[in-house]
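Contents: one structure, followed by commentary.
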Amino acid sequence: MNPLTRLSLMLVSVTLLAMPGSELYAQSDPNAHSLATLPANFRKAGFSMTVHMSKVAGNGYQPIYLSFASPLGSFATDRTFDVTLSPHGNSISDVDFSYRFRCQVKQKTTLARFVVYVPYYVPWETIFIEVRDDGRTVDGGKQIAFVNQLTVRHADQKTSVGIIHPTLKQLPASGLPAFPDIRTLITVLGEGPIDEAVDVPRLSHAESLRRVAQVQPAWVQFRNIAPESMHSSWLGYSQLDVILIHGPTLEMLASSGPQDRFDALRDWIAAGGNLWIYDAGGLALPFANLKPVTVGQVVTPSRVKGKLKLQDINDTTDLEYESWSGISKGSSNWQWKQNNNTLSSRQTIFEKLVKVNHPIVQDIPAKSLALTIKTTSLGRGTVTSIDDVDPFPGSFQLWQTVAGLHGKNQLQWVERNGIDVRYGNDHYWSWLIEAVGGPPVKLFFLINTVFIVLVGPLSYRFFRKNQRLYLLLFSAPALALLVTTGLFISAILADGLGTRLRARQITWQDAQSGYLVHNDRLTYFSAMGKSSGLQFADDTALFPILNKPVENRYYGGGRSGAAACQIEVGHDYQQFTGQFLPSRSQVQYLRLEPQKADPLVTFSKTSNGLTVTNHSDQPLYQVVASDSQQQQWTTQTVAPGKSVPMSLLQSGSAAAELGVSPMALASLVPRLRRAYYSRGSTGSQVSSIDQTLNGWLSRLPANQFIATTALRADSLGIDDVEIEDSVHVIMGALQ
């Protein structure tokens, strides 16, 4: 892109960001669909509330937009609206919840817009919506919205991609490239068909926008995110695996703000997202250490063909949803087969593309292609830049190279995070609180022994001596009732009266980027329940981990808004109550939080080896580090603010030196019989950070470290809790 075009784009971007009403930035989404407007008689109520939502993706948090307006044109006084959203699927779920929040509208406001991020644990079919005005019930203030009317009702797709590209009216004048043509990405990311429009080298801007809005014939789904509707919280992107962003737009966002929008994007990357920047040539991108890929990382033409599976049919049929069986390809539908439909072979389509020299099958010299692609890591995520102004549809070689830089699993939400909330996870059994919820066998045996002796020989001898043997008819039942009551009370007291917690906190430290990424596995057991539930920061993602699929196909989903779980959201917190923390039942969660922060641990090289410095406010219990020569060093008990020289590790194993067996998830998990009415079977995925930790415990790579320290008390979700068999691991690169 020439300098004049760059300048034009910058002027357009500055105009956009400086527009009146920019305080509403990210409070609306031009691609969202209207779900509901209530109350029915808005003139009588004195307000109207409209709810919008974009197409539903997979796991993560779903953005929902609300706007309040007055029939008088503006609000005469300050107003407070309490809103409840209760999403439901076709079936009852163990994690059905009500989501409550408050919207405060100032006097003289003409249109107030808000965005909330609602956990998406199971597919939604309906949302029960209720609004209250200053705590009062509103006539007509309840409504059921049908989410299944949106373009995408469910998303079993393995990969979700967001696209941030200017869609302004000034497009032709500014010289911006047309909206990305995603045809190659459908094939590469979604294991989809090869596009059969061999006579179309590049889709137009309008056609590209239309194609993105469709349900793709592959296991990938796209979401168009307008630059003016970017989010102020990383939770708004938490459903996405990849974000494609126009380079100059990113440059303007980083340099001119709003700063919280760029911070949210960067937080999402740190949490594990993958940012792909196109039209990045010559830009001052806001990411350090972007390095060109090596020639060996470029996919060769022969490997391109192998990855395309040219021996298979080119299945262009759509994804179809059935409430009973889930999503499948249309070609597997019985009716489709009965209609004698046929499909072309992938080899045939590929040969046609080669014949017309279509850009999709272009072969680029590996050295030339490597010079146009740069990449780096940030937290647990990745950043990749492509110099091409318009790399769309792009060649299979280009996009296979980009997709393979950091591994296929990095691009799939479930594989990256290790769970699919909808199906549960077998590793639930690896992190339970021991000896909870079971009978105290030894105490029961002791009480029963005392009872037998007391009601038998001792009572007999006592009453015979006093010539009152007939009283045995009364004393025996009385003692039996007393002992039975004692057994019941002892069983309750054996688990205590408070709340127990077993936590495994993993903090990934990226000192170079200034990030700490917290990945916590939390198991709670509350003997008596706790009405205050669990409370976390508002930028924390919390996902339940169950030992079975959460949906029951036999029972229909709710429509009344009633739910056993409740989430209340305030200015800076999320509170999970109800069955999120039930009485006398173990519940387990994955907590994910990216945090912009200084490093907790740093290292320096000395003539004698390594020295470790503890920058945290907690002591380090054990530290193991591997230098550039893969020599391993260790030390114990590093006080806050202190530096300690390390000594050579003799055992040769980080796991043996650390001596903390609970750090790695157990590889063997119970295989349970699948319940007939449960949807699907439990998964056995292990998250990318778990895989990294397990590998490092076996063999610590060069220039990496593992340290153990105290738990982060402010992220446990609950006060006054009894901690059991827990561990906090800090890991990352030496800095």
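Numbers for residues simply follow the sequence, beginning at 1. Predicted model, so just to flag it, every value in this text is computed and none were measured.
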Under 3.5 Å: donor-acceptor pair, side chain of [X], backbone of [Y]:
| X | Y | value |
| --- | --- | --- |
| E251 | P286 | no |
| Q588 | Y428 | yes |
| Q574 | T540 | yes |
| D572 | D538 | no |
| N41 | G140 | no |
| S208 | F179 | yes |

So, do [X] and [Y] sit near enough that their side-chain heavy atoms are less than 4.5 Å apart?
| X | Y | value |
| --- | --- | --- |
| V242 | L185 | no |
| F114 | V105 | yes |
| L546 | V95 | yes |
| Q412 | T159 | yes |
| H728 | T507 | yes |
| F146 | I144 | yes |
| V587 | P582 | yes |
| L250 | F287 | yes |

task: With sequence neighbours left out, write down each residue that passes side-chain hydrogen bond (donor to acceptor under 3.5 Å, both in side chains) with Y121, or none if nothing qualifies.
output: none

query: With sequence neighbours left out, what residues match T137 under side-chain hydrogen bond (donor to acceptor under 3.5 Å, both in side chains)?
result: R132

Search all heavy atoms of [X] against all heavy atoms of [Y] and return the closest pair with its distance.
| X | Y | answer |
| --- | --- | --- |
| I163 | P180 | CG2-CG, 3.8 Å |
| Y237 | H231 | OH-N, 2.9 Å |
| F580 | C565 | CE1-CB, 3.2 Å |
| G190 | A218 | O-CB, 3.4 Å |
| R712 | L716 | O-CG, 3.6 Å |
| Y117 | G236 | CE2-CA, 3.5 Å |

Would you call the rings of [X] and [Y] parallel, tilted or perpendicular, where under 30° means parallel and over 60° means perpendicular?
| X | Y | value |
| --- | --- | --- |
| F47 | F68 | tilted |
| W124 | Y120 | tilted |
| F543 | W413 | perpendicular |
| Y278 | H246 | tilted |

Can you tell me if [atom1] on [X] sees more than 12 non-hydrogen neighbours from other groups inside 6.0 Å?
| X | atom1 | result |
| --- | --- | --- |
| D139 | CG | no |
| K596 | NZ | yes |
| D720 | CG | no |
| D719 | CG | no |

Do [X] and [Y] pair up side chain to side chain, a donor and an acceptor below 3.5 Å, judged on atom types alone?
| X | Y | result |
| --- | --- | --- |
| T249 | H165 | no |
| S98 | S86 | yes |
| D539 | S233 | no |

query: Are R521 and W431 in a cation-pi setup, meaning NZ or CZ lies under 6.0 angstrom from the ring centre and within 45 degrees of the ring axis?
result: no

Could you pull out all residues at least two apart from [X] that satisfy side-chain contact (heavy atoms from CB on, under 4.5 Å)?
| X | value |
| --- | --- |
| A597 | L516, Q595 |
| D420 | N59, V414, R422, Y423 |
| S583 | none |

message: With side-chain contact (heavy atoms from CB on, under 4.5 Å) as the criterion, how do Q685 and H427 come out once you've worked through the C-alpha distance, each side chain's angles and the decisive distance to 0.1 Å?
response: CA-CA 8 Å; Q685 295 91 350; H427 291 285; over 6 Å; no

So how far is it from [X] [atom1] to [Y] [atom2], rounded to the nearest 0.5 Å?
| X | Y | atom1 | atom2 | answer |
| --- | --- | --- | --- | --- |
| L542 | R591 | CG | CZ | 8.5 Å |
| R79 | D134 | CZ | CG | 6.5 Å |
| F576 | F97 | CZ | CZ | 8.5 Å |
| T84 | I129 | OG1 | CD1 | 10.5 Å |
| F101 | D82 | CZ | CG | 9.5 Å |
| K158 | Q221 | NZ | CD | 15.0 Å |

task: Given side-chain contact (heavy atoms from CB on, under 4.5 Å), test S687 with R416 step by step and report yes or no.
output: CA-CA 5 Å; S687 69; R416 192 170 64 249; over 6 Å; no

task: Dump the intermediate steps for side-chain contact (heavy atoms from CB on, under 4.5 Å) on D520 and F536, then the final yes or no.
output: CA-CA 12 Å; D520 301 342; F536 298 97; over 6 Å; no

Sequence-distant partners of Y515, ring-ring contact (aromatic ring centres under 6.0 Å, His included), two or more places apart: none

message: So that I know where these two stand, are F128 and H88 an aromatic pair - ring centroids less than 6.0 Å apart?
response: no

Option passing side chain to side chain contact (heavy atoms under 4.5 Å, CB included) with N274 (candidates L244, I269, L240, L411): L411

field: Audit row: D510, V517, side-chain contact (heavy atoms from CB on, under 4.5 Å) steps and yes/no
entry: CA-CA 8 Å; D510 184 350; V517 183; over 6 Å; no

